[in-house]
Number of protein chains: 2
Amino acid sequence: MNDQQLKSFIVAAEEGSLSKAAARSYVSVPSFSQRIQTLERELGFALFARSAQGVTLTPAGESFLQTARTVVSVYEDGLARAVSLARNRVRVGHLSNEPFPSFFPGLINYFARSFPDIEVVFRFAAESTWVEGVRDGLSDVCFATPPSDDATFENLRFTHLFDDPVYLCVSPASPVADCTEVGHGALDGATVYIQPDYRGLPSFEALFALAEEGATVVEAEFSKELIMRVVMEGHGVIPLPGQYFASCCPPLAPVRLSGDTIDQGVIYRADASQPVLDFVACAERYFQEEGSALLATGWAR
Amino acid sequence: MNDQQLKSFIVAAEEGSLSKAAARSYVSVPSFSQRIQTLERELGFALFARSAQGVTLTPAGESFLQTARTVVSVYEDGLARAVSLARNRVRVGHLSNEPFPSFFPGLINYFARSFPDIEVVFRFAAESTWVEGVRDGLSDVCFATPPSDDATFENLRFTHLFDDPVYLCVSPASPVADCTEVGHGALDGATVYIQPDYRGLPSFEALFALAEEGATVVEAEFSKELIMRVVMEGHGVIPLPGQYFASCCPPLAPVRLSGDTIDQGVIYRADASQPVLDFVACAERYFQEEGSALLATGWAR
DNA sequence: AGGTTTTACGGTAGTCGTAACGATA
DNA sequence: TATCGTTACGACTACCGTAAAACCT
């Protein structure tokens with residue numbers, strides 16, 4: 001068994017054809033056929049039934065396909081983890097469909113100055129939450145609010161970095177657009193779009209409760225399109241943590257929503273490597289030194 | 001990556017020495033060294049730090065060792081599962097430290113006559129319960145009582161085979177040794193050894209409750225040594241399902257404990273292959289046709 | 001005829017074992 | 001000096017690509 005055989009087998013099973021799989025793998029058809037034959041000989045049973053239309057999995061092949069997929073993914077994840085250990089690498093996990101928090105560039109620069117030999121890599125992926133990627137060893141750290149449930153937080157640590165104020169995404173035509181700070185009362189009668197993930201955050205609890213006071217609360221996924229609709233068409237209001245407000249809404253003036261701030265920090269494994277601990281400590285220092293200055297001058301702009 | 005490299009790496013890590021690992025793998029030292037070097041070159045980082053005393057894992061190597069172990073075990077388990085599918089094989093799981101139920105030989109013969117092309121393989125292993133081996137795909141079927149918790153029984157099926165009477169293992173010197181059947185009252189004041197696994201079985205609930213009526217109830221692992229002590233030294237009584245009584249206690253006369261019988265059957269995966277379903281159906285038929293005869297003539301002997 | 005998989009064959013690259021070498025206690 | 005890991009080299013095996021064959025629709 002080797003990884004080439006397993007990957008070839010997976011591709012062949014997906015394509016249902018050795019010639020198509022060979023083309024996708026950039027090798028000649030006979031060589032590809034030989035790989036499968038060698039694998040079958042080593043395993044001791046046929047993976048495919050051949051025909052002039054292509055190949056179809058045997059029952060045993062179907063079972064072994066699951067195994068091959070698991071082996072390949074375990075191997076590749078483990079390899080990435082080991083490489084990041086060997087190379088003094090910190091893998092920062094981030095969801096591919098969300099914007100970059102506005103403090104990323106400054107923090108990365110600060111860290112690079114302090115630890116020039118440690119490499120920072122961003123890992124964009126589609127886990128349902130960043131925390132899962134860290135828990136499963138796919139990333140080393142992620143930026144998040146402290147987790148509410150203890151189950152997924154097993155063997156993970158949270159370090160507080162800063163308290164993030166909440167800003168409102170509103171149309172420039174809105175009467176509150178010129179205010180620098182408003183209270184919850186300003187949202188009476190408005191339509192408020194809230195990211196479902198924010199349920200459970202103390203500073204958003206009051207917002208979800210607005211529904212009982214005349215406001216229309218809509219749970220909607222965070223997206224550029226939604227923000228543009230709100231801004232351009234004046235449909236409603238989107239409350240956002242300051243870090244996201246800055247990267248999402250550059251043309252808008254920041255309207256601070258008074259009330260609680262959001263506890264923002266980093267999540268990492270309890271058995272994290274030294275570079276990861278260095279990264280966390282450095283991030284903590286960065287926000288202690290410059291965080292308040294960033295907040296005061298309005299990093300939300 | 002190939003399995004030979006991974007296994008070599010695991011052996012080297014276990015031995016802490018390339019020469020010892022090479023000897024254990026029956027290859028020359030240079031070849032073995034080359035395998036590790038090739039693997040390290042492919043991975044892109046060093047697995048070991050070398051010295052004149054041997055080799056020690058680097059941090060990255062330590063991380064990759066876990067990956068290698070997982071990959072090898074996933075691969076080998078998956079291979080066994082696929083092979084059993086390809087070869088019309090039914091793998092019967094059985095704990096290596098427990099005796100064979102007395103009906104095994106008869107059932108296997110019956111099945112072999114009905115399905116001569118299906119191979120039956122016994123898998124002896126040390127899962128904490130047989131059910132886990134079936135759930136994880138390491139075995140296809142196991143003989144057991146119906147599971148009490150639904151959590152581990154997800155995607156598993158249970159088929160009833162027979163109702164097993166409970167027999168007592170007692171010293172021949174005991175006053176009840178000559179009885180063919182006794183009630184629970186005969187156990188007053190006696191020391192009763194019960195397998196902890198039997199907790200939860202309806203027919204054993206009353207036995208565990210005996211502790212409140214003057215009997216001494218000891219939870220003890222089922223073993224030949226325990227049975228011999230009880231038999232030879234007259235320490236107490238061991239209630240056993242009939243199938244185990246016969247294989248454990250050949251010199252003893254069966255003393256039937258009146259009361260409930262034990263629901264015995266087979267456990268197998270909901271997505272079991274045809275040979276496994278054949279095996280289950282055949283076992284069901286076997287006990288319908290011959291089970292009552294076995295019971296009547298005292299298979300406990 | 002156009003698609004599929006397979007066999008045949010020469011060249012390249014990898015793997016093994018023996019022998020010799022370098023490093024360390 | 002004894003033990004450990006590495007390098008050097010010849011023999012063997014495995015893999016790849018080209019060319020040609022066998023097969024089905």
Side-chain angles (χ1 to χ4, degrees), chain A residues 1-62 64-65 68 71-72 75 79 86, chain B residues 1-62 64-65 68 71-72 75 79 86:
Chain A
M1 180 269 284
N2 59 43
D3 58 342
Q4 189 189 45
Q5 288 174 326
L6 295 183
K7 286 176 187 167
S8 301
F9 166 53
I10 293 169
V11 172
E14 283 171 359
E15 295 290 339
S17 155
L18 296 192
S19 36
K20 284 177 192 161
R24 209 176 101 183
S25 309
Y26 304 105
V27 290
S28 71
V29 177
S31 299
F32 195 91
S33 170
Q34 198 179 23
R35 283 186 196 169
I36 304 296
Q37 286 180 44
T38 306
L39 178 59
E40 286 176 321
R41 196 177 58 239
E42 287 177 9
L43 295 176
F45 58 88
L47 294 167
F48 293 109
R50 273 81 164 169
S51 80
Q53 284 74 24
V55 292
T56 49
L57 284 166
T58 60
E62 204 144 348
F64 189 70
L65 177 59
V71 165
V72 169
Y75 172 75
L79 177 56
Chain B
M1 183 267 285
N2 59 43
D3 57 342
Q4 189 189 46
Q5 288 173 325
L6 295 183
K7 286 176 188 168
S8 300
F9 167 53
I10 293 169
V11 173
E14 284 171 357
E15 296 288 340
S17 154
L18 296 192
S19 37
K20 283 177 192 160
R24 210 177 101 183
S25 309
Y26 304 105
V27 291
S28 71
V29 177
S31 299
F32 195 91
S33 170
Q34 200 179 17
R35 282 187 196 170
I36 303 295
Q37 286 181 46
T38 306
L39 178 58
E40 287 177 321
R41 195 176 59 240
E42 286 178 11
L43 295 177
F45 58 89
L47 294 167
F48 293 109
R50 274 80 163 171
S51 77
Q53 284 74 25
V55 292
T56 48
L57 284 166
T58 61
E62 205 145 346
F64 190 71
L65 178 58
V71 165
V72 169
Y75 172 75
L79 176 57

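Heavy-atom basis, side chains included; hydrogens, waters and symmetry copies ignored. Below, chain A is the first sequence line, B the second, and so on; all start at residue 1.
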Could you tell me the separation between the [atom1] atom of [X] and the [atom2] atom of [N], rounded to a whole number of Å?
X        : N       : atom1 : atom2 : result
Gln34(A) : dT18(D) : CD    : C1'   : 13 Å
Glu42(B) : dA13(C) : CD    : C1'   : 13 Å
Ile36(B) : dC16(C) : CD1   : P     : 11 Å
Leu18(B) : dG17(C) : CG    : C1'   : 17 Å
Arg41(B) : dA13(C) : CZ    : C1'   : 11 Å
Tyr26(A) : dG17(D) : OH    : P     : 14 Å
Phe32(B) : dG17(C) : CZ    : P     : 12 Å
Lys20(B) : dA2(D)  : NZ    : C1'   : 14 Å

Of Val27(A) and Gln53(A), the one whose closest DNA chain D nucleotide lies more 5': Val27(A)

5' priority, DNA chain D, between Glu40(B) and Asn2(A) [closest heavy atom]: Glu40(B)

Applying a 4.0 Å non-hydrogen cut-off, can you work out what [X] is touching in the nucleic acid: base, sugar-phosphate, or nothing?
X        : result
Gln5(A)  : nothing
Ser19(A) : sugar-phosphate
Gln37(B) : sugar-phosphate

Ala46(A) backbone acceptor or donor facing Glu40(A) side chain under 3.5 Å: no

Residue pair Val27(A) / Arg35(A), side-chain heavy-atom distance below 4.5 Å: yes

For [N], does either OP1 or OP2 sit under 4.0 Å from a side-chain N or O belonging to [X]?
X        : N       : result
Gln4(B)  : dC16(C) : yes
Arg50(A) : dT6(C)  : yes
Ser31(B) : dG17(C) : yes
Arg35(B) : dC16(C) : yes

Parallel, tilted or perpendicular, as decided by the 30° and 60° cut-offs, for the rings of Phe64(B) and Phe45(B): perpendicular

Which atom of Ala21(B) lies closest to which atom of Ala12(B), heavy atoms considered: CB-CA, 3.7 Å

dG5(D) base / Ser33(B) side chain donor-acceptor hit below 3.5 Å: no

Position toward the 5' end of DNA chain C (nearest nucleotide), Thr38(B) or Pro30(B): Thr38(B)

Modelled atom types, side-chain donor and acceptor of Gln53(B) and Ser51(B), under 3.5 Å: yes

